[in-house]
Amino acid sequence: NGATSDIHITTHGSDWYWAVCAVMTVATFAFAGLAQTKPRQQRIFHYITAAITMVAAIAYFTMGSNLGFTPIAANPQRNDPQVHGTYRQIFYVRYIDWVITTPLLLMDLLLTAAMPWPTVLFVILVDEVMIITGLVGALVYSNYKWGYFAFGNAALFYIVYVLVWEARKHANAMGKDVGKAFLICGSLTTVLWILYPIAWGVCEGGNVISPDSEAVFYGILDLFAKPVFGALLIWGHRGIDPARLGL
Ligand code: RET
């Protein structure tokens, strides 16, 4: 047991990571295929959404292959090395995925609500702060990681505020169909995004749950946040000409 507990590594995660990779791949082809049913000028949401699942498919290919991680020393004051290992497997590749895909998800939502581009730009920059502080916090060994976690949560708080308040009002003003599409996708996003820091807290942060459980936790969140979200968003746009949103 000594050898396996030295690095707290996923042993059953791989099959599940491959399954999620397969779903992301199928979703990418589906969204890209649906784009072909529209004139070129009306494909923006298809393209953004297909790009999101395309990046995720490659991130999951990486994790299914047991790559894209680095061992980080587990805090011995917090974790019993016998139970939690001396090191924890930290998948930094998630953050490479998120730094590309979370701005695209926000573009899907904020362009649906026809928010002005300075707002879109600023929300994306705050989103990048959220992801990068999460990455640095995950790679830090000491309790400073919780400082980074706090910055990330402050960033998420601002993003959620823009979504549930400013963008929701703006979407409603664009018409009933736009308001409804935004309400469905914006609500799903708000609930899911609040669960990510909880997952981080028990995985990269506190090393409370195993990397196998981490695979399931983040995997389910990612399936809802990308392919399910994407399908609902594209469906919501079925009767909306992007020209109406200034696109
Ligand atoms: C971190 C840790 C730092 C604090 C916060 C976080 C939030 C992450 C979020 C990630 C969303 C990812 C998505 C992926 C798509 O599949 C970085 C975990 C607040 C909200 C939607």
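When a residue number appears, it is its place in the shown sequence, counting from 1. Every number for a ligand or one of its atoms is a count from 1 in the order of the listing.
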I'd like to check whether T101 has a polar contact with ligand 1, where a contact means an N/O of the residue lying under 3.5 Å from an N/O of the ligand. no

D222 heavy atoms within 4.0 Å reach ligand 1 at atoms 14 (C), 15 (C), 16 (O)

With respect to T133, determine whether any N or O atom, backbone or side chain, lies less than 3.5 Å from an N or O atom of ligand 1. no

T25 and T28: side chain donor to acceptor below 3.5 Å: no

To the nearest 0.5 Å, tell me how far M54 CE sits from I100 CD1. 11.0 Å

Closest to atom 9 (C) of ligand 1 among protein heavy atoms sits Y196 CB, 3.4 Å

Side-chain (T49) to main-chain (H46) donor-acceptor, under 3.5 angstrom: no

One finds that the ligand 1 atoms under 4.0 Å from a non-hydrogen atom of G134 are 2 (C), 3 (C), 17 (C)

Would you mind telling me if ligand 1 is within reach of the side chain of L135, the backbone, both or neither, using heavy atoms under 4.0 Å? neither

What atoms of ligand 1 come within less than 4.0 Å of a heavy atom belonging to K226? 14 (C), 15 (C), 16 (O)

Quick one: look up the protein heavy atom nearest atom 6 (C) of ligand 1 and list residue, atom name and how far away it is. M130 CG, 4.0 Å

Pick one: which of F69, F91, Y218, F61 meets ring pair (Phe, Tyr, Trp, His ring centres under 6.0 Å) with Y17? F91

Enumerate the atoms of ligand 1 whose separation from the nearest heavy atom of G152 is less than 4.0 angstrom. 4 (C), 19 (C)

May I ask you to decide if V140's main-chain N or O and K145's side chain share a donor-acceptor pair within less than 3.5 Å? yes

With backbone taken as N, CA, C and O and side chain as the heavy atoms from C-beta onward, which portion of W200 lies under 4.0 Å from ligand 1: side chain, backbone, both, or neither? side chain

Will you find, in the side chains of Q41 and D241, an N or O donor that is under 3.5 Å from an N or O acceptor? no

Nearest 0.5 Å, please: how far is CG in L105 from CD1 in I52? 4.0 Å

Is L105 touching ligand 1 with its side chain, its backbone, both, or neither, if touching means heavy atoms under 4.0 Å apart? side chain

In the protein, which heavy atom is nearest to atom 21 (C) of ligand 1, and how far is it? W193 NE1, 3.2 Å

Does one side chain, of S14 or N66, offer a donor that lies under 3.5 Å from an acceptor on the other? no

Check L156 against ligand 1 and report side chain, backbone, both or neither, counting heavy atoms closer than 4.0 Å. side chain

Under 3.5 Å, is there a donor-acceptor pair between the E204 and Y95 side chains? yes

